[in-house]
K.L.:
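After the C-alpha cells below, expect a handful of questions from me.
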Amino acid sequence: MVQKYQSPVRVYKHPFELIMAAYERRFPTCPLIPMFVDSDTVSEFKSEDGAIHVIERRCKLDIDAPRLLKKIAGVDYVYFVQKNSLNSRERTLHIEAHNETFSNRVIINEHCCYTVHPENEDWTCFEQSASLDIKSFFGFESTVEKIAMKQYTSNIKKGKEIIEYYLHQLEEEGITFVPRWTPPSIAPSSETSSSCKKQAMSLAVVVPDAAQAEGLGSEALSSPSGPPEPVAGTPDDKLDADYIKRYLGDLTPLQESCLIRLRQWLQETHKGKIPKDEHILRFLRARDFNIDKAREIMCQSLTWRKQHQVDYLLETWSPPQVLQDYYAGGWHHHDKGGLGILDVLRGHIAQSRRGPSWTCLVDLEGLNMRHLWRPGVKALLRIIEVVEANYPETLGRLLILRAPRVFPVLWTLVSPFIDDNTRRKFLIYAGNDYQGPGGLLDYIDKEIIPDFLSGECMCEVPEGGLVPKSLYRTAEELENEDLRLWTETIYQSASVFKGAPHEILIQIVDASSVITWDFDVCKGDIVFNIYHSKRSPQPPKKDSLGAHSITSPGGNNVQLIDRVWQLGRDYSMVESPLICREGESVQGSHVTRWPGFYILQWRFHSMPACAATNLPRVDDVLASLQVSSHKCKVMYYTEVIGSEDFRGSMTSLESSHSGFSQLSAATTSSSQSQSSSMISR
C-alpha cells in the first residue's frame with residue numbers, strides 16, 4: 001500500500017531571501033539531524049544572470065533501524081538524491097528528492113517548495129508532499145514501513161528547530177537582511193536598499209518549518225494578519241499550520257496530512273460547500289485517522305443528510321405534542337470543559353447538541369425490567385446507530401447515574417452496537433457512587449449540578465411523565481410509520497448494473513424548459529447521459545425483450561430505450577457523457593431546445609482497454625475489482641421548471657422547494673450546439 005503525506009502550509013514571517021540563507025546552511029550536513037551524515041554535490045548549474053541556480057546532491061543518511069535488519073539488507077547507510085531548483089527572479093525554491101538505495105524495492109518521492117506569501121511579499125511559505133511505496137523488502141515490508149514513517153515524521157517536527165537555529169546564527173553574525181536578486185545591469189539604489197531594510201521582519205517570531213535533510217519545500221496561502229478560517233469549498237484554499245493549531249488543536253504530522261488529503265478529496269468531488277474542517281476531523285478521529293474508512297462513512301453521512309433533508313429540519317420540523325408533553329430531558333449549563341450538559345432523565349435519550357461536543361447525564365433511578373420493552377430497546381439501538389454514523393466524536397462523555405441491578409442486562413443488549421472510541425467515554429455509577437471521588441464533581445461544578453442529584457442548582461429540565469395508553473401506537477401503525485419515514489423523501493434510489501442502466505423519462509411540452517437534476521453516486525462509477533426522442537418509449541415490462549424493469553433491495557432499475565432503437569435515428573444525445581466517480585455529488589441543468597421525450601440515463605462505467613494491445617491496464621483491472629458484482633447505486637432527484645423561473649444557479653430554484661443539499665451550491669457552465677447546461681460536482 002502506498003503511504004502518502006501532505007503538509008499544511010507553513011508561514012514564515014521572514015523574507016524569502018533570509019529563509020534561503022538559513023536553509024543553505026544545513027549543507028553539507030546538519031548537527032540537528034543526527035541521521036543526516038553527509039552530502040556531496042553531484043552537479044550544479046547557474047544561469048549567467050545568477051537568477052537560476054540548480055544543484056543536485058547525494059545525501060548520506062544513517063537510518064535508525066535494528067542492527068539485524070541492516071545486516072540482512074547489507075547496508076549501513078541509505079542514499080537519497082536531492083535536486084534543488086532556485087529561481088531568484090520568481091523567488092521560489094522547488095525541491096525534489098528520491099531514494100537511490102533499494103530503489104527497485106522501495107520507492108520514496110518527495111516534492112517541496114518555498115514561495116513568497118501571496119499577500120505579504122516579506123513572508124515566506126512552505127509546503128511539502130511525499131509518498132512511500134514498499135514493493136518488497138526481504139519479508140520485512142511492514143517493519144520497514146513503520147521505521148520509514150517514524151523517521152519521516154520525527155524529522156518533520158525538527159524542522160522548526162533547524163530553521164530557528166540557523167536564523168539565530170545569522171542574527172549573531174549581524175545578518176538580518178539579504179537583498180533581493182536584481183538583473184546585473186540594474187544595481188539597487190541606496191534608497192531602495194534602505195526601504196527594503198525597513199521592511200525586513202524581526203527574527204523574534206518564526207513559524208515551524210518541516211524541512212528535512214533530504215530536502216523539503218512549500219507553496220502556500222495564508223493571511224498576513226493571522227490565519228483566518230478558510231472559506232469552505234474554495235478549490236484554491238489550503239490549510240496553514242497556524243490555523244490548524246489555533247482552531248483544530250495539536251495534530252501529529254500524519255494526522256494533519258489525513259485532514260488535508262480528505263479535505264482536498266471533498267473539494268474535488270463535492271464542488272461548492274463542504275463540511276467544516278472540525279467536522280471532517282471528527283470522522284477521521286472516529287476511524288483512527290484511516291482516511292479510506294473515514295471517507296467511506298463521511299460519504300454515507302452526506303448522502304443520509306441529503307436524503308432526509310437534515311439541513312432543513314430546524315426550519316421544517318416541529319416536535320409532536322406527545323413529545324412536548326411527556327419527554328424527559330433537556331439542556332442544562334456547561335461542564336468544566338465548557339461542554340453543554342444534556343440531562344437525560346429516567347432513561348430517555350435525546351438528540352445531539354449543536355456545537356463542538358456535549359456531556360450527557362443519564363439518571364436511571366427507577367429503571368426495571370418493565371422498561372426493557374422490545375420496541376423501546378429497538379428505538380434506542382436505532383438512535384445509537386444514527387448518531388454513531390452521522391455525528392461521530394460529538395459526545396464528550398456520558399455519565400450513567402444510579403444504575404440499578406437490571407442495568408447490566410440493558411448494557412449487554414446495547415454495548416455491542418457502540419463504537420469502541422465512544423464506549424470509552426461512558427462512566428457508570430451504581431447507587432450513590434456518583435457523589436464520591438471520581439464522581440460528578442470531577443466533571444461538573446457543584447453549583448450547577450441538578451438539585452435531585454445532590455447539587456445546588458434548581459433544575460428546570462422537564463421531567464416528562466407517563467404517556468397515556470390512549471396515545472399508544474399499534475404494531476401495524478408503527479410498521480407503517482417506519483416505512484413512511486424511510487420512503488418519504490424527494491430522492492429516489494436506483495441500482496445500475498453492468499449491461500443494465502437505469503433510465504427515467506421526462507416529457508417536455510414547452511421548448512426552452514429547464515431539466516434539473518441532483519444525484520449522488522453511492523457506490524461504483526457511472527456514466528450520466530441525456531437523450532431526446534420524438535416518440536415515447538414503451539412502458540417497461542419485465543417480460544419484454546427490450547425495455548424492462550428490475551426491482552432490487554438497493555433500489556429500482558428501469559430501462560426505457562428499446563434495444564432495437566438506433567442512436568441517431570430513434571433518439572439523439574443532447575449532452576456529452578459525464579463520468580461520475582463513487583462518492584461524487586453532481587448537480588446540473590439542461591435547457592431543452594425541442595419538445596418531446598427526454599431520457600436521463602445512469603450507466604455502469606466500464607474501464608477502457610489499452611488502445612495498443614486491446615487489453616485492460618493493471619490499474620483498470622484493480623479498479624474494476626473494487627466494484628463488487630458489477631453493481632452501482634445512485635440516489636437522485638429531478639425536476640422540470642420554466643426557463644423564466646431559472647436564474648442560472650442551482651441555488652435559485654426557489655419555485656421547486658426541492659431543498660437541494662446545502663453541501664453543493666455552486667455550478668459551472670458549459671455550452672453545446674444544441675443545449676445550454678450547468679453541471680456541478
Side-chain angles (χ1 to χ4, degrees), residues 229 232 244 246-251 255 258-259 262-263 266 273-291 293-314 317 319 327 329-345 347-363 379-401 414-428 440 442-444 448 461 661-663:
E229 182 174 351
I244 291 176
R246 182 178 301 178
Y247 297 105
L248 304 179
D250 291 320
L251 302 179
Q255 289 173 345
C258 289
L259 171 63
L262 182 54
R263 189 175 183 268
L266 285 167
K273 188 175 181 180
I274 66 172
K276 294 181 179 180
D277 299 322
E278 54 267 32
H279 295 163
I280 299 174
L281 196 56
R282 291 186 195 280
F283 284 91
L284 284 167
R285 285 195 170 115
R287 290 299 178 266
D288 294 323
F289 286 88
N290 183 311
I291 191 169
K293 293 181 179 180
R295 178 171 57 189
E296 180 181 355
I297 62 170
M298 175 164 273
C299 285
Q300 293 171 354
S301 179
L302 294 179
T303 300
W304 173 82
R305 295 182 70 86
K306 179 179 289 187
Q307 184 175 10
H308 297 285
Q309 300 290 284
V310 174
D311 294 331
Y312 303 97
L313 282 182
L314 292 179
W317 183 81
Y327 178 76
W331 294 106
H332 176 72
H333 290 283
H334 295 81
D335 64 11
K336 291 184 177 181
L339 308 179
I341 300 176
L342 172 63
D343 276 326
V344 185
L345 311 178
H348 291 74
I349 301 294
Q351 68 273 16
S352 171
R353 171 183 182 267
R354 295 178 65 187
S357 57
W358 48 285
T359 291
C360 182
L361 302 182
V362 181
D363 180 10
L380 175 59
L381 294 177
R382 178 58 185 157
I383 291 172
I384 292 173
E385 181 184 359
V386 171
V387 172
E388 287 282 331
N390 302 286
Y391 302 94
E393 296 299 309
T394 53
L395 175 64
R397 65 184 63 88
L398 189 144
L399 309 178
I400 298 176
L401 312 175
V414 172
S415 60
F417 299 91
I418 302 175
D419 179 77
D420 289 340
N421 290 337
T422 304
R423 201 181 305 151
R424 286 193 287 267
K425 300 175 183 178
F426 280 57
L427 299 174
I428 302 171
L440 284 184
D442 284 13
Y443 306 100
I444 304 171
I448 63 171
V461 172
S661 171
Q662 294 180 354
L663 296 172

K.L.:
In Å, rounded to the nearest 0.5 Å, how long is the span from CD1 of I291 to CG of L262?
P.N.:
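So the CD1 of I291 and the CG of L262 are separated by 5.0 Å.
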
K.L.:
With side chain to side chain contact (heavy atoms under 4.5 Å, CB included) as the criterion, how do I274 and H279 come out once you've worked through the C-alpha distance, each side chain's angles and the decisive distance to 0.1 Å?
P.N.:
CA-CA 10 Å; I274 66 172; H279 295 163; over 6 Å; no

K.L.:
With a 4.5 Å limit on heavy-atom distance, are the side chains of I244 and D277 in contact?
P.N.:
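Of all side-chain heavy-atom pairs linking D277 with I244, none is under 4.5 Å.
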
K.L.:
Once side-chain contact (heavy atoms from CB on, under 4.5 Å) is applied, do any residues pair with N290, and if so which ones, sequence neighbours excluded?
P.N.:
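In terms of side-chain contact (heavy atoms from CB on, under 4.5 Å), with neighbours along the sequence ignored, N290 is linked to D292, K293.
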
K.L.:
Working to the nearest 0.5 Å, report the span between CD of E388 and CD1 of I418.
P.N.:
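Result: 7.0 Å between the selected atoms.
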
K.L.:
As an exercise, state the distance from CG of L313 to CZ of R305, rounded to the nearest 0.5 Å.
P.N.:
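Those atoms lie 8.5 Å apart.
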
K.L.:
Not counting sequence neighbours, which residues clear side-chain contact (heavy atoms from CB on, under 4.5 Å) with D250? List them please.
P.N.:
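Result, side-chain contact (heavy atoms from CB on, under 4.5 Å) vs D250: K245.
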
K.L.:
Can you give me the closest heavy-atom contact between L266 and M298, atom names plus distance?
P.N.:
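Shortest heavy-atom separation between L266 and M298 comes out as CD1-SD, 3.4 Å.
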
K.L.:
What residues form a side-chain contact (heavy atoms from CB on, under 4.5 Å) with Q255, not counting sequence neighbours?
P.N.:
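Q255: side-chain contact (heavy atoms from CB on, under 4.5 Å) contacts with L251, T252, F289.
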
K.L.:
Should L361 and I444 count as side-chain neighbours, where that means a heavy-atom distance under 4.5 Å?
P.N.:
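The answer is yes, as the side chains (C-beta and beyond) meet within the 4.5 Å cut-off.
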
K.L.:
Find the distance between CD1 (I280) and SG (C258) and round it off to the nearest 0.5 Å.
P.N.:
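So the CD1 of I280 and the SG of C258 are separated by 12.5 Å.
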
K.L.:
Rounded to the nearest 0.5 Å, what separates atom CD1 in I428 from atom CG in L398?
P.N.:
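Atom-to-atom, I428:CD1 and L398:CG are 9.0 Å apart.
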
K.L.:
What are the two closest heavy atoms between C360 and V362, and how far apart are they?
P.N.:
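Result for this residue pair: SG-CG2, 3.8 Å.
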
K.L.:
Can you name the ring-ring contact (aromatic ring centres under 6.0 Å, His included) partners of F417, sequence neighbours left out?
P.N.:
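None.
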
K.L.:
Using side-chain heavy atoms (C-beta onward) and a distance below 4.5 Å, is T422 in contact with V387?
P.N.:
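SC-SC contact between T422 and V387 ruled out.
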
K.L.:
Measure the shortest side-chain to side-chain distance between K425 and E393 over non-hydrogen atoms and say whether it is less than 4.5 angstrom.
P.N.:
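The answer is yes; the side chains approach within 4.5 Å.
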
K.L.:
Tell me every residue that passes side-chain contact (heavy atoms from CB on, under 4.5 Å) with L427, counting only those two or more places apart in sequence or in another chain.
P.N.:
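Partners of L427 by the side-chain contact (heavy atoms from CB on, under 4.5 Å) criterion, ordered by chain and then number, come out as L399, Y429, Y443.
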
K.L.:
Can you find a pair of side-chain heavy atoms, one from P275 and one from L302, that are under 4.5 Å apart?
P.N.:
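A side-chain contact under 4.5 Å exists here.
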
K.L.:
Could you tell me which non-hydrogen atom of S301 sits nearest to which non-hydrogen atom of N390, and how far apart they are?
P.N.:
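The answer is OG-OD1, 3.0 Å.
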
K.L.:
Shortest non-hydrogen contact from F283 to A294?
P.N.:
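Distance-wise, the nearest heavy atoms are O-CB, 3.6 Å.
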
K.L.:
Just jot down the salt bridge (Lys or Arg N to Asp or Glu O under 4.0 Å) partners of R285, sequence neighbours excluded, or say none.
P.N.:
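For R285, no residue satisfies salt bridge (Lys or Arg N to Asp or Glu O under 4.0 Å) once neighbours in sequence are set aside.
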
K.L.:
With a 4.5 Å heavy-atom cut-off, do L281 and R263 have their side chains touching?
P.N.:
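No - every pair of side-chain heavy atoms lies 4.5 Å or more apart.
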
